[in-house]
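Step one of this worksheet: look at the structure below.
The figures here come from the full heavy-atom set of this structure, side chains too, leaving out hydrogens, waters and symmetry mates. Here the structure is a predicted model, which is why all the values come from computation and not from measurement. Numbering starts at 1 and runs along the sequence shown. Order of appearance sets the numbers: ligands from 1, and atoms from 1 within every ligand.
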Amino acid sequence: MIGQLKNKSLADLKLVNSLDSLEEWRVNYLGRKGELTKILRSIGSLPDDQRKKIGSESNLLRVLLEDQYKKIKPKLESNLSVYSSVDITLPGRKDHIGRLHPITSIIREISSAFADMGFNIVEGTESEIEHYNFDLLNIPFDHPARDQWDTIWLDRPNRKDNLLRTHTSPMQARIMENTEPPIRVITPGKCYRYEATDSTHEWHFHQIEGLVVGENISFSDLKGTLYEFAKRIFGSDRKVRFRCDFFPFVEPGVDMSIDWKGDWIEILGAGMVHPKVFQGVGYDPDKYKGFAFGMGPERIAMLRYNIEDIRQFFSNDLRFLSQF
Ligand code: YSA
């Protein structure tokens, strides 16, 4: 009898899914007129031989059912408090779905164009030392070319040569120091310069450095690679201009500009790696040749999306950013 009641009460408890149905269950089994209470009340009138057995079994069942009741009640109450803290009468609101920043998108697009051409992608650190940012790039301490990369120096205890990298070119030396040719790599990352801003200059911006080193690399490889890049990013009809330029770490050096409403916007500097740079990292300049370039993704994004002022990219104005 007690066994059947136990099974039935526990089976009913499994169907309980609200405070109301729990209360109904409690009244049915443990309430004043409940099934178990009725048995407990009748124990006194049972024959002697049954009283002890049924008495102890029904008391054990009472303890079990009360325990179950105490466990389940707070769970149902906390569910209720979750629901009651949500106002389901409020009108629905549109979710704001995030998206990639336009500079992140353009860096990924450029990186994937170079990956298609067989380039690996490596990242470096934004904090650099003078040795890599200047010395190994054939820019001696007192050379006026250093002025081209106005530097933000870092105030570190016991170090006077720590800076925020002014270009991604230090990665050239770091990669060559740790790798044997052939090399075909790009390194995207952020740079900083202590300079006044205008519509095409920011004091913090990105660059994508490229480096190719091997035994038979020529200037035609440089031009072919950069033409292919320009074709993929701007389409084959866009006008591209190469001009001679000077960077101490290349010989010869060039810059590349893209047609901008009848004018030109310079997007990168490039050239054949200077023999002194090869010597600095322990490569034999008679055996190896290479080319390198450093391009500005912000300028490329300006050209792609017709943006007049580079400073808009980092103004954090959602009216501007949500257009991309
Ligand atoms: C040249 C030869 C190589 O073998 C390798 C790399 C280079 C590039 C060199 N390291 C350099 O930084 N040249 S640069 O000062 O002319 O900058 C390269 C590109 O970065 C520019 O063409 C421009 O697109 C971008 N840039 C430079 N200063 C910037 C900037 N973009 C936004 N704001 C600035 N202040």
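- Ion pairing between a basic and an acidic side chain is recognised when a charged N comes within 4.0 Å of a carboxylate O; Glu23 and Arg26 show such pairing.
- Ile175 CD1 to Thr187 OG1: the interatomic distance, rounded to the nearest 0.5 Å, is 5.5 Å.
- Selection from Arg165, Glu195, Arg193, His204 by nearest heavy atom to atom 35 (N) of ligand 1 gives Glu195.
- Among all non-hydrogen protein atoms, the one lying nearest atom 31 (N) of ligand 1 is Phe205 CD1, 3.6 Å.
- Looking at ligand 1, you won't find any N or O of His201 less than 3.5 Å from one of its N or O atoms.
- Ligand-side atoms of ligand 1 in range of Gly269: 1 (C), 2 (C), 6 (C), 7 (C), 8 (C), range being under 4.0 angstrom from any heavy atom.
- Below 4.0 Å from some heavy atom of Ser169 lie the following atoms of ligand 1, by number and element: 5 (C), 6 (C), 10 (N).
- The environment of Asp67 atom CG is dense: over 12 non-hydrogen atoms of other residues, nucleotides or ligands sit within 6.0 angstrom.
- Taking 4.5 Å as the limit, some side-chain heavy atom of Met176 sits within range of a side-chain heavy atom of Gln172.
- Close contacts between ligand 1 and Ile310 involve ligand atoms 32 (C) [criterion: under 4.0 Å to a heavy atom].
- For atom 13 (N) of ligand 1, the closest non-hydrogen atom of the protein is Phe247 CE2, 3.5 Å.
- For atom 25 (C) of ligand 1, the closest non-hydrogen atom on the protein side is Gly296 CA, 3.8 Å.
- Here is the list of ligand 1 atoms found below 4.0 Å of a heavy atom in Ala270: 1 (C), 2 (C).
- Close contacts of ligand 1 with Gln207, meaning ligand atoms under 4.0 Å from a residue heavy atom, involve 11 (C), 12 (O), 17 (O), 18 (C), 19 (C), 20 (O).
- The atoms of ligand 1 that sit less than 4.0 Å from any heavy atom of Trp149 are 11 (C), 12 (O), 15 (O).
- Remark: Asp255 engages Arg243 in a salt bridge, criterion side-chain N to carboxylate O under 4.0 Å.
- Among protein heavy atoms, atom 33 (N) of ligand 1 sits closest to Glu202 N, 3.0 Å.
- The protein atom (non-hydrogen) at minimum distance from atom 4 (O) of ligand 1 is Val250 CG1, 2.9 Å.
- We find that Glu228 and Lys231 are joined by a salt bridge, their nearest charged nitrogen and carboxylate oxygen being less than 4.0 Å apart.
- Heavy-atom contacts of Leu268 reach the following atoms of ligand 1: 22 (O) (cutoff under 4.0 Å).
- For Gln172, the heavy-atom gap to ligand 1 drops under 4.0 angstrom.
- Relative to the six-membered ring of Tyr132, Arg174 meets both conditions, a distance below 6.0 Å and an angle of at most 45° to the axis.
- Nearest protein heavy-atom contact of atom 23 (C) of ligand 1 is Arg299 NH1, 3.4 Å.
- In this structure, Glu298 falls outside the shell of residues with a heavy atom less than 4.0 angstrom from ligand 1.
- In this structure, His206 does not count as a contact residue of ligand 1, since none of its heavy atoms falls inside 4.0 Å of the ligand.
- Of the listed residues (Phe249, Phe293, Trp203), the one carrying the non-hydrogen atom nearest atom 2 (C) of ligand 1 is Phe249.
- Outside the 6.0 Å centre-distance limit, the rings of Phe313 and His204 are not counted as a close aromatic pair.
- Residue Trp264 holds its CH2 atom at 5.5 Å from CG of Asp259, rounded to the nearest 0.5 Å.
- The distance from the CZ atom of Arg311 to the NE2 atom of His201 is 11.0 Å, given to the nearest 0.5 Å.
- Interatomic distance, CZ of Phe324 versus CZ of Arg304, reported as 11.0 Å (0.5 Å rounding).
- Phe291 does not count as a contact of ligand 1, since none of its heavy atoms falls under 4.0 Å from the ligand.
- To the nearest 0.5 Å, atoms OG (Ser199) and CD1 (Ile310) are separated by 8.5 Å.
- With atom 24 (O) of ligand 1 as the reference point, the heavy atom nearest to it among Asp245, Leu222, Ile267, Asp198 is part of Ile267.
- Between Phe114 and Phe293, the ring planes lie parallel to each other; the angle is under 30°, not in the 30° to 60° tilted range.
- Listed by number with element, the atoms of ligand 1 under 4.0 angstrom from any heavy atom of Glu266 are 16 (O), 21 (C), 22 (O), 24 (O).
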